[in-house]
Amino acid sequence: MIDPKIIRDDIESVRRNHAKRNMTGVVNLDELKNIDEERRSLNLKSDELREKRNTLSKTIGQLKGQGPEAEALKKDVQAIADELKSFADRQAELEKMFNELHLSVPNMLDESVPEGKDEKENVVVRTWGAKPEFSFTPKPHYEIGTDMGILDFERGVKLAGARFYLYRGLAARLERSIINFMLDLHTKENGYEETFGPFIVNDESMTGTGQYPKFKDEYYRIDRDGLSLIPTAEVTLTNIYRDEIIEEENLPIHLTMQSSCFRREAGAAGRDTRGLVRVHQFQKVELVKFVEPSTSFDELEKLTANAEEVLKRLGLHYRVVLLCGGDTSASSAKTYDIEVWMPGLDRYMEISSCSNFLEYQARRAMIRYRKKGEKPAYLHTLNGSGLAAGRTMAAIIENYQTSDGRFEIPEVLKKYM
RNA sequence: GGAGAGGUGUCAGAGUGGUCUAAUGUGUCUGAUUCGAAAUCAGAUGUCCUGAGAGGGACCGGGGGUUCGAAUCCCUCCCUCUCCGCCA
C-alpha cells in the first residue's frame, strides 16, 4: 500500500505513476478519492456522535441509571445509537471499497526507473563474463538432461501433469548441491541468517507481501483450509515480522531461506513449455531484508551484488537489467533482473529478480521499527532470488555442455557433490 | 479427531454490566538520594484513526449481537495449553 496521504494530497503524482507503469485506468483513482472523502466525513460524524453517547452514558451511570431524569437521557442516547446505526452499513461498505482499491494501487516507482511499456524497454546496466564458445551447436538443457536420463519430463507429467518434472540421480544431487552452495555463500560470506519456515501460509501472509487480493489466479490455494502454497519464500520471510515493531538497533535484518515455490503460471499458456524454465514447482534460495528507510537503495545494490556473486562463482555469463516502469511489478519501486545466458536456448533467461519495496509491503503487513524515543514508523523491505535453483541447474547444463552430449560440473560445486 | 481450560499492556497477572481514565507486580526512561553504583523514593511510559492544535474516537484474540452503557453477558470463528486418540 502507498501512503493514503499521497492519494489525498497529490493524486496527480499517483496518476503519473500509473502512466509510467502503463497502467492508466487499471485503478479508478477518482473513485478512490471520492470514497476516501466520504468515508472520512462519515467517520468524523460517527466519532462526534460516539463522544456524545459516551458522555451521556456516563451521566446515566452516575444517576444510578434510575429515575425520570435518567429515563429521559436513555431516550436521548437511544436516538444517538439509532443515528449511528443509520449509516453504519454505508460506512462498512465504504471501508471495504476503500481497502480493496487501496490494496490495488501499485507502489510509487523510483525516479531512476526508466520509462517503457514492457520488457523490451528494460535497460541493461552491466554484463559479466562472455558467452561461451562451442565447436558444435549447443543443445538446450532439456535435451541433454533427457538424453542422459537425469531429467524425466514424461514421468513428471504422469505424476502431476504438464509443467512438472522428475529429477533422477545426478540432477537431483546437483540441484541439492546448488542449494547448499548458495546457502553457504549467503550465510558465511554475505551475512544472511539461514531460516526455514512454512511453504503453506494463510491469506494474511499472502496479502502482506502483495500476492493477494489482486493476483489470486496465480497461486495454489487450499480452499478447505484457507491456506496457499507459497510462490516464493519471500512470503514466508517477509511475513515473519508481520504486525510487529522492531527496535532500530536490531536493523538491518538479512534473512535467507530455501524453499519449493509453487506457481500456477495462469497467463503463460504456450510459453516456455519445454524444460525447467517455467514449471509449477521449483526450488529457490531467497534473500529478504528489513532495513532502515534511508538505506534501502544502497541495500538493493548490495542485495543484487550478493545474487550476482553466485553466478560469478559458477562462471556463468549474465547481465543485469533495470526494469522499466511497465515491467516493474506492482509492489516494487525498483527492480533489477539478473539474466543468465542460455547457449542452448540462445537467449538470456531471468534467474533472479531483486526489488526494493520501500514501505509498500511494510504498510500492508504492518511491519514497523522504532528509533529510541520516537514513534513507530514503517521500515523498508527488499527481496531477491539468490538464485532460482532449477534455472541455475539448467544454465549449468547448457553452459558446461560438452561435445559428447554431457556436461561438466563447475569447480565450486565439486565439493558439494 | 474427542474432552477440558484459556486468550487482557514489554512480560506476569487481577478484573464477571457503570470513576476501567484497566489494579498490582515487572521491565524501560527521567528525576531525587549517592563520590559513583546498588537499594530506596517520586514521576513518566501502548497502538491506530482524526485534527494545525486543544481535543475527540477506536483497540482487552477476530467478527457479530444484547444494552442507555460491554474487557465483563450471548453467538460465531481463530489460536494456545492439558489429557486422550492418530501419526513422520
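Predicted, not measured: the structure shown is a model, and the values here were computed from it. The figures that follow rest on heavy atoms only: side chains count, while hydrogens, waters and symmetry mates do not. Protein chains get the first letters and strands the later ones, always in sequence-line order, with residue 1 at the start of each.
In this structure, the CG atom of A/Leu94 is 16 Å from the C1' atom of B/C49, given to the nearest Å. Remark: C1' of B/C48 and NE2 of A/His102 are 15 Å apart, rounded to the nearest angstrom. Distance A/Arg370 CZ to B/C29 P: 13 Å, rounded to the nearest Å. Computed from coordinates, the A/Glu249 CD to B/U10 C1' distance equals 14 Å when rounded to whole Å. When rounded to the nearest whole Å, the span between CG of A/Asp76 and C1' of B/U67 equals 16 Å. Spacing between atom CG of A/Leu49 and atom P of B/U50 amounts to 19 Å, rounded to whole angstrom units. The CD atom of A/Glu37 sits 18 Å away from the P atom of B/C49 (whole-angstrom rounding). Look at CD on A/Glu374: it is 17 Å from C1' on B/U47, rounded to the nearest Å.
The partner of B/U45 is B/G27, judged by Watson-Crick or G-U wobble contacts that both fall below 3.5 Å. Judged by Watson-Crick or G-U wobble contacts below 3.5 Å, the nucleotide B/C87 has no partner. Nucleotide B/G4 forms a pair with B/C81, judged by Watson-Crick or G-U wobble geometry with both contacts under 3.5 Å. Under the Watson-Crick or G-U wobble criterion, with both distances below 3.5 Å, B/A54 is left unpaired in every strand shown. Taking a pair to require two hydrogen-bonding distances under 3.5 Å in either a Watson-Crick or a G-U wobble arrangement, B/A14 remains unpaired. Summarising the base pairing, B/U67 is matched to no nucleotide, lacking a Watson-Crick or G-U wobble pair whose two defining distances lie under 3.5 Å.
Spacing of P atoms, B/A37 relative to B/C29, comes out at 13 Å, to the nearest Å. Rounded to the nearest Å, the gap between the C1' atom of B/A3 and that of B/C86 is 16 Å. Taking atom P in both B/U26 and B/C77, the straight-line distance is 41 Å, to the nearest Å. Of the P atoms belonging to B/G65 and B/U82, the separation is 36 Å, rounded to the nearest Å. One P atom belongs to B/C11, the other to B/C75, and the distance between them is 29 Å to the nearest Å. Going from the C1' atom of B/C84 to that of B/G15 covers 34 Å, rounded to whole Å. Nucleotides B/C74 and B/A42, compared at atom C1', are 46 Å apart to the nearest Å. Here the separation of B/A22 from B/U45, taken at their C1' atoms, is 15 Å to the nearest Å.
Side-chain contact of A/Ser259 with A/Lys284: a donor-acceptor pair under 3.5 Å is absent, judged by distance alone. Neither side chain, A/Thr381 nor A/Tyr360, offers a donor N or O lying under 3.5 Å from an acceptor on the other. In this model, no donor atom of one side chain and acceptor atom of the other lie less than 3.5 Å apart for A/Glu234 and A/Thr209. No hydrogens or angles considered: a donor-acceptor pair under 3.5 Å links the side chains of A/Gln78 and A/Asp82.
For the side-chain contact (heavy atoms from CB on, under 4.5 Å) criterion with A/Phe282, the lone passing option out of A/Arg263, A/Arg163, A/Glu175, A/Arg391 is A/Arg263. Across A/Ile338, A/Asp337, A/Val321, A/Thr232, a single residue satisfies side-chain contact (heavy atoms from CB on, under 4.5 Å) together with A/Ser353, and that is A/Asp337.
The aromatic rings of A/Tyr142 and A/Phe153 stand perpendicular to each other, their planes meeting at an angle above 60°, with 30° marking the opposite boundary. The aromatic rings of A/Tyr220 and A/Phe262 sit perpendicular to each other, their planes meeting at more than 60°, with 30° as the lower class boundary. Ring-plane geometry between A/Tyr241 and A/Phe290 is classed as perpendicular, the angle between the planes exceeding 60 degrees on a 0 to 90 degree scale with a lower cut at 30.
Map A/Pro4 and A/Lys85 each onto its nearest nucleotide of RNA chain B; the residue landing nearer the 5' end is A/Pro4. When each of A/Arg8 and A/Ser57 is assigned the nucleotide of RNA chain B bearing its nearest heavy atom, the one mapping closer to the 5' terminus is A/Ser57.
For A/Gly390 against A/Leu276, the heavy-atom pair with the smallest separation is O-CD1, 3.8 Å. Shortest non-hydrogen contact noted between A/Ala362 and A/Leu379 is CB-O, 3.3 Å.
At a threshold of 4.0 Å, the pair A/Arg50-A/Asp47 counts as salt-bridged, since one of the basic side-chain nitrogens sits closer than that to a carboxylate oxygen.
Listed nucleotides: B/U21, B/U47, B/U66. Nearest to the side chain of A/Arg368: B/U47. Candidate nucleotides B/C68, B/C48, B/G46 were compared by shortest atom distance to the side chain of A/Gln78, and B/C68 ranks first.
Among the protein residues, A/Arg39 comes within range of no part of the nucleic acid, since none of its heavy atoms lies under 4.0 Å from any strand. Nucleic acid contact for A/Arg363: none, since no nucleic acid atom lies under 4.0 Å from a heavy atom of the residue.
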Set out, line by line, the N/O atom pairs under 3.5 Å between protein and nucleotides 60-64 of chain B.
none

Protein-nucleotides 53-57 of chain B N/O pairs closer than 3.5 Å?
{"unit_1": "B/G56", "atom_1": "N2", "unit_2": "A/Asp47", "atom_2": "OD2", "d": "3.3"}
{"unit_1": "B/G57", "atom_1": "OP1", "unit_2": "A/Asn54", "atom_2": "ND2", "d": "3.4"}
{"unit_1": "B/G57", "atom_1": "O2'", "unit_2": "A/Asp47", "atom_2": "OD1", "d": "2.8"}

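Within the 4.0 Å cut-off from OP1 or OP2 of B/G51, at least one side-chain nitrogen or oxygen of A/Arg40 is found.
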